[in-house]
Protein chains: 2
Amino acid sequence: MPPFSADDRDILAETSLFQDLPPEELAQLRASARPVHRPRGGYFFMQGDPLERMYLLVTGRIKITQLGPDGQQILLRALGPGSLFGVVVLTQAKECPVTAEALEDSTALSWTRADLMDCAQRCPTFALNALQVMAAHAQEFQERFRQLATERVERRLAHTLLRLASQAGRKLPEGVLIDLPLTRQELGEMAGTTQYTVSRLLTQWESQGLIYAGRERIIIRHPHGLVSLAEG
Amino acid sequence: MPPFSADDRDILAETSLFQDLPPEELAQLRASARPVHRPRGGYFFMQGDPLERMYLLVTGRIKITQLGPDGQQILLRALGPGSLFGVVVLTQAKECPVTAEALEDSTALSWTRADLMDCAQRCPTFALNALQVMAAHAQEFQERFRQLATERVERRLAHTLLRLASQAGRKLPEGVLIDLPLTRQELGEMAGTTQYTVSRLLTQWESQGLIYAGRERIIIRHPHGLVSLAEG
DNA sequence: TGCCATTATTGCGCTGGCGCAAAGCAAAAA
DNA sequence: TTTTTGCTTTGCGCCAGCGCAATAATGGCA
């Protein structure tokens, strides 16, 4: 039985990288996709590995981290189903610049660089889609760079929660659940601060009724309240 | 007389975006290039403008800045001849996300989105080159984001000077001149700190003989000294 | 049910770096 | 030359946020 067969069609068609491709290319990509599974704590790839595959997350959650020369880690992105990662394989880079770790049991489809490059050669639409994806990354990090350089911790954390909610938010009766099991430490790594400061801010916001803060679980009760914190 | 005719050939051929293109595409791009001049302080484009053109700097220096919602500015990049800017026009973004201002009298070649998109449609090599350029941006900002999030000001400023030297360094007998007229304020905007802290650090490094710090002019006397500051 | 490993909270002291304000300088303009 | 303008330096006070250390909560697991 082909893995993920029930969802293959949908998930490729819903991914921006694969938009507007001719049917034969899409079919080819479906055929060359290889399923990969990782248990909680497992790695899809690690920083420094030879760069070989691009992934599309089908089920589970993962985090993308980067390690500095002195071992300081930051969390660049936390992703749920439908997200691409390892897109950098579309370039001539040789090593993974980041690590992809499963936050829970996860499955992904993966493609080799060769398969993708062939497709890009044949099909300009694919190459242009890839360009969009890259450009979106570049802009996101420019933006986050500016925030980190110019804004105070409180605002940055508010922005971080809002971004997470928009990427992995799940509507609940009480509010929007950030559907990713992130610790205070990890939130700190995303917002550019420490676990302690994150904890203090979340506690404060909870006492104001803005959010619910649980263990690896945050529900935003009043998004507009956070927005006004984030924007001033 | 066609402007820049003496340099056109060289400058396109030396630009990574135009590498390995078939001669007819290159000729087409040469033909569709439009020269643009801006005096010191002039703008090639401003944040929020409709996104229309990509530029290749031929002479002069420019800076790329981004403005936050509260008017806090940061300096994303400072560029010299041979640098591309406005590459984001290759995507479907509608507004300029940044501002490009001439630090001195500058001339550039420019292309419309339509010209470039046509080229990308016809020529996969061009689209893949564009992908490389975007990916390089994305990685650079991921990297700088990490530095900003995890490193102290001293290190970040050292990194900033080294990066500037590698991008716009000119060898002099006394050391490597950073060939860009940047104020302390602007260096601060790049490194994520204030003009005051930049001034204090530069003074300190000058007294240690690591650099020469003049008005809008810095010469790195001992690159390895800065490197050891930057890396720890 | 109770145990254990993680994760989260919070009091406390400390300091890196911010930012005002004033003075000093250098280059360009008049 | 003098003036003007913009850049740079530096003293000083201050506080946001860091990070240790101790404690408490939570959830998985036997």
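Naming convention: chains lettered A, B, ... in sequence-line order (proteins, then strands); numbering from 1 in each chain. Basis for what follows: all heavy atoms, side chains included, without hydrogens, waters or symmetry-related copies.
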Acceptor/donor pairs from residues 134-145 of chain B side chains to any protein atom, 3.5 angstrom cut, sequence neighbours excluded:
from, atom 1, to, atom 2, distance (Å)
B/H137, NE2, B/R77, NH1, 2.8
B/E140, OE1, B/R77, NH2, 3.4
B/E140, OE2, B/R144, NH1, 3.1
B/E143, OE2, B/R146, NH2, 2.8
B/R144, NH1, B/L76, O, 2.7
B/R144, NH2, B/L76, O, 3.3

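- Applying the salt bridge (charged side-chain N to carboxylate O under 4.0 Å, His left out) test to residues at least two apart or on different chains, the pairs with a partner in residues 182-199 of chain A are A/K63-A/E186.
- Every residue meeting the side chain to side chain donor-acceptor pair (under 3.5 Å) condition with A/T194, not counting sequence neighbours, appears here in chain and number order: A/T197.
- If you take CD of A/E186 and P of C/dT6, they are 14 Å apart, rounded to a whole angstrom.
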Next item on the list: Report, as a single string ordered 5' to 3', how protein heavy atoms within less than 4.0 Å touch nucleotides 16-26 of chain C: B base, S sugar-phosphate only, - not at all.
Entry: SSSBBB----B
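- Nearest heavy atoms, A/T59 versus A/P81: CA-CG, 4.2 Å.
- End-to-end axis angle for the helix from C/dT1-D/dA30 to C/dA30-D/dT1, using five pairs per end and rounding to 10°, comes out at 40°.
- No side-chain heavy atom of B/T193 sits less than 4.5 Å from a side-chain heavy atom of B/L157.
- Ring-centre distance between A/F18 and A/W111: below the 6.0 Å cut-off.
- Scanning all heavy atoms of the two residues, the minimum distance from A/A165 to A/V176 falls at CB-CG1, 4.2 Å.
- Looking at heavy atoms from C-beta onward, A/L12 lies in side-chain contact with A/L109 at the 4.5 angstrom threshold.
- Here C/dA8 presents its P atom at 8 Å from CG of A/L187, a figure rounded to the nearest Å.
- Remark: A/A78 engages A/L75, A/L164, A/L180, A/L182 in a side chain to side chain contact (heavy atoms under 4.5 Å, CB included) (not counting sequence neighbours).
- Listed by residue number, the members of residues 61-79 of chain A with any heavy atom below 4.0 angstrom from DNA chain C form an empty set.
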In residues 40-53 of chain B, what donor-acceptor pairs under 3.5 Å come from side-chain atoms, sequence neighbours left out?
from, atom 1, to, atom 2, distance (Å)
B/R40, NE, B/L103, O, 2.9
B/Q47, OE1, B/L67, N, 2.8
B/Q47, NE2, B/L67, O, 3.1
B/D49, OD2, B/M46, N, 2.8
B/R53, NH1, B/S110, O, 3.4
B/R53, NH1, B/S110, OG, 2.6

Side-chain donor-acceptor contacts of residues 201-222 of chain A below 3.5 Å, not counting sequence neighbours, with atom names and distances?
from, atom 1, to, atom 2, distance (Å)
A/T203, OG1, A/S199, O, 2.8
A/E206, OE2, A/A213, N, 3.1
A/S207, OG, A/Q204, O, 2.7

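- As a whole-Å value, the separation of A/L103 CG from C/dT6 P is 16 Å.
- Going from atom CD1 of A/I211 over to atom C1' of C/dA8 covers 13 Å, rounded to whole Å.
- Residue contacts for B/E216: at a heavy-atom cut-off of 4.0 Å it reaches the sugar-phosphate backbone alone, with no base atom in range.
- In this structure, B/R40 atom CZ and C/dA28 atom C1' are separated by 10 Å, rounded to whole Å.
- Partners of A/R155 according to the side chain to side chain donor-acceptor pair (under 3.5 Å) rule, which considers only residues two or more places apart in sequence or in another chain, are B/D70.
- The salt bridge (charged side-chain N to carboxylate O under 4.0 Å, His left out) contacts involving residues 167-179 of chain A comprise A/R61-A/D179, A/R170-A/D179, where partners must be two or more places apart or lie in separate chains.
- Think of the region where chain A sits on DNA chain D: with heavy atoms and a 4.0 Å cut, that region ends 5' and 3' at D/dA16 to D/dG27.
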